[in-house]
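Read the structure below first, then the notes.
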There are 2 protein chains.
Amino acid sequence: MTKEERFGLILKELKASGKVSFEAVASQLQVSEDTARRDIDALSKNGLLVKVRGGAMAPSANPLLFQDREELFSDAKKVIALKALQQLAGCRTVFMDGGTTMLAVAASLPADTRLRVITHNMALVPVLGAHPGVELIVLGGQYDRATQTNLGVQTCLEAARYQADLYLMGVCSADPAAGITAAVAADGEVKKAVLASSLKTLALVNHEKLNTVDFFRVCELAAIDGLITELPSDDPRLDGYRAGGVELV
Amino acid sequence: MTKEERFGLILKELKASGKVSFEAVASQLQVSEDTARRDIDALSKNGLLVKVRGGAMAPSANPLLFQDREELFSDAKKVIALKALQQLAGCRTVFMDGGTTMLAVAASLPADTRLRVITHNMALVPVLGAHPGVELIVLGGQYDRATQTNLGVQTCLEAARYQADLYLMGVCSADPAAGITAAVAADGEVKKAVLASSLKTLALVNHEKLNTVDFFRVCELAAIDGLITELPSDDPRLDGYRAGGVELV
DNA sequence: AGCAAATTTGCAAAACTTTGCAAAAATCTT
DNA sequence: AAGATTTTTGCAAAGTTTTGCAAATTTGCT
C-alpha cells in the first residue's frame with residue numbers, strides 16, 4: 001500500500017461520508033494512527049480537506065470550515081471587530097453602519113457593555129436587540145434587500161436627528177486621493193448624513209478595499225478620524241493614508 | 001463525534017426548525033449540556049446563530065420568539081391571518097402593526113403578492129425582506145425588546161409621512177364602550193399616528209382580547225372600519241361591536 | 001424583593017496533537 | 001550489488017484542547 005493509494009482511499013471515504021477519523025483510517029488501511037495522521041496532514045496542506053480534532057472533514061461540510069469563511073466572519077473581520085471594540089471605550093452613543101463587518105462587531109460586543117447604538121442595519125437587530133446592555137435605535141427608511149439596510153431620504157433625515165460620540169463606518173472603497181467612495185448612491189448619502197451627526201468617525205476597511213474607488217463620493221480622507229484595518233499600523237500599504245487619518249493597530 | 005460534526009448537525013437542525021435548545025442538542029448528540037452550550041457559543045461567535053436563553057436561533061429569525069411554531073402560530077392566528085389576507089385585495093400600500101398575529105399574516109402572504117408594506121415591527125423584516133413582491137419600508141425609532149417593534153416620537157413622526165390604503169392593527173384590548181386600548185403608551189401613540197395616516201383600518205383581535213380594557217386609549221370603535229377575529233361573524237360575543245365596526249368572516 | 005432556573009467560571013481528568021527520535025524501507029550512487 | 005542517503009514509519013514524552021462537574025453568579029419571573 002503506497003502513500004498515494006492511501007491518499008486516494010482517504011479522499012474517497014471523505015467524499016462518501018464527509019468526514020474521516022484518524023482511527024478509522026488507521027484500522028481500515030492497516031497503518032498506524034501516526035501514519036494516518038501524517039497522510040491527512042499532507043492532504044490538508046493541499047487544501048483537499050480540513051483537519052479537525054480527531055480527523056478531517058470535507059471543506060464543504062460546514063460553513064465554519066471553508067465555504068462561508070470569507071463571506072461571513074473571516075479572520076480579517078474578527079481582527080477589525082476586536083480593534084473597533086477597543087475604540088468603543090468611553091462612548092455612550094455609537095452609530096453602526098451596514099455590512100457584515102459591523103455584524104462581527106455587534107456579535108463580539110462583551111455582555112457587560114452599556115451602549116446606545118443607532119443603526120439602519122437590520123442584520124444587527126436580532127443581535128443587538130438581544131443584548132441586555134444595548135439601547136437600540138433603528139433608523140427607518142426603504143429596506144434594501146441586498147444590504148439588509150434601510151436607505152433613502154427618510155434614513156438621512158432620521159440620522160440627522162441624533163448626535164453620536166462615534167460612527168463606525170463600513171467602507172466599500174478607500175483611496176488616499178479619492179477618499180471614501182460608495183457603490184450605491186443611497187448608501188453613500190446615508191453615510192454622509194451620519195458622518196455629519198457624529199463627533200468622531202472611524203472607518204472599518206478590509207485591506208482588499210484599500211486603494212479602490214467607486215463612483216459615489218462620500219468624503220475626503222481628512223473628514224474621518226481613523227482607519228481600522230486588519231493590517232498592523234506600520235504596514236506599507238497604509239502609507240498613503242497616514243497624512244489625514246489616524247491608523248490603529 | 002467531533003466538535004465540527006456537532007457544529008454541522010446543530011446548524012442543520014437550526015436550518016430545519018429555526019431554533020435549537022441546549023437540552024435538545026445535549027441529548028441528541030450525546031454530550032453534556034455544557035458542551036452543547038460551548039458549541040453554540042462558538043457558533044454564535046462566528047455569527048452563524050444568535051444565542052438566546054435556553055438555546056439559540058437562526059440569525060435572521062427573532063431571538064425573542066423562542067417558542068414552538070405551533071404555539072406561535074395558533075389556529076386562531078392562522079384563521080385571522082387568512083381573513084386579513086383576503087382584505088388585502090386591491091391594496092397598494094399597507095401599514096402592518098406589531099405582534100405575532102402580524103407575523104402570521106406576513107408569513108402567509110402568497111408569493112405572487114405585489115405590495116408596499118410599512119411597519120415598525122422588526123419581526124417582519126426577515127420575512128417580508130425575503131419576499132420578492134414586497135417593497136418594505138421600515139419605521140425607525142427606539143427598539144423595544146419585549147415587542148420587537150420600534151417605538152417613540154420618531155416612529156410617530158415617520159408614520160405621519162406616509163399614506164396607506166389599509167392599516168392592519170394588532171389589538172391588545174377591545175371593548176364596545178372603551179374602544180381600542182393599549183397596555184403600553186408608546187405603542188398606543190404609534191397606533192394613533194398610523195391610524196391617522198391610513199384610509200381604512202382593520203383591527204385584528206384574538207377573541208380572548210375582546211371585552212378587555214387597558215389604560216391607554218387608542219381610539220373609539222367607530223374610528224376603525226372593521227374587526228377581524230377568528231370567530232364567525234354571527235358569533236354572539238361580537239354583538240356589542242356590530243354598531244360601529246364591520247365584522248368579517 | 002425573592003425564588004427558581006439558566007448561565008458563567010474555574011478546575012482537573014481525559015482525549016487528542018505535536019515533536020523528537022530511531023528503526024525500517026525505499027531510493028540513489030558508484 | 002553493496003553501501004550510503006533519503007524517506008517513511010512507529011513509538012513515547014511533552015504540550016494542548018476538550019470535556020464534564022460543581023460552585024458562584026446572573027437572569028427572568030412573580
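Throughout, a chain's letter reflects where its sequence line sits, starting with A, and its residues are numbered from 1. What you see is a predicted model, and the numbers here were worked out from it, not measured in a lab.
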Got a donor-acceptor contact below 3.5 angstrom from the [X] side chain to the [Y] backbone?
X: Lys83(A); Y: Thr229(A); answer: yes
X: Glu158(A); Y: Gly140(A); answer: yes
X: His131(A); Y: Arg114(A); answer: no

Are a donor atom and an acceptor atom from the side chains of [X] and [Y] found within less than 3.5 Å of each other?
X: Asp225(A); Y: Tyr167(A); value: no
X: Glu135(A); Y: Gln142(B); value: yes
X: Ser27(A); Y: Glu23(A); value: no

Task: Test side-chain hydrogen bond (donor to acceptor under 3.5 Å, both in side chains) applied to Thr201(B) - qualifying residues, sequence neighbours left out - done: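 For Thr201(B), no residue satisfies side-chain hydrogen bond (donor to acceptor under 3.5 Å, both in side chains) once neighbours in sequence are set aside.
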Sequence neighbours excluded, the answer for side-chain hydrogen bond (donor to acceptor under 3.5 Å, both in side chains) partners of Arg92(A) is none
In whole angstroms, the gap separating C1' of dC29(D) from CZ of Arg145(B) amounts to 14 Å
Counting primed atoms, P, OP1 and OP2 as sugar-phosphate and everything else as base, the B/S/- map of nucleotides 18-28 of chain C against protein heavy atoms under 4.0 Å is B----------
Distances for protein N or O near nucleotides 13-16 of chain D N or O, under 3.5 Å:
| residue | atom | partner | partner atom | Å |
| --- | --- | --- | --- | --- |
| dT16(D) | O2 | Arg53(A) | NH2 | 3.4 |

On DNA chain D, more 5' by nearest nucleotide between Pro132(A) and Ser32(B) is Ser32(B)
Quick note, salt bridge (Lys or Arg N to Asp or Glu O under 4.0 Å) partners involving residues 40-50 of chain A, not counting sequence neighbours, are Asp41(A)-Lys45(A), Asp41(A)-Lys51(A)
Show me the protein contacts with nucleotides 6-8 of chain D, counting only N or O atoms at under 3.5 Å.
| residue | atom | partner | partner atom | Å |
| --- | --- | --- | --- | --- |
| dT8(D) | OP1 | Lys3(A) | NZ | 2.6 |

What residue among Thr147(B), Asp97(B), Asp144(B), Asp187(B) forms side chain to side chain donor-acceptor pair (under 3.5 Å) with His120(B)?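 Checked Thr147(B), Asp97(B), Asp144(B), Asp187(B) against His120(B); only one passes side chain to side chain donor-acceptor pair (under 3.5 Å): Asp97(B).
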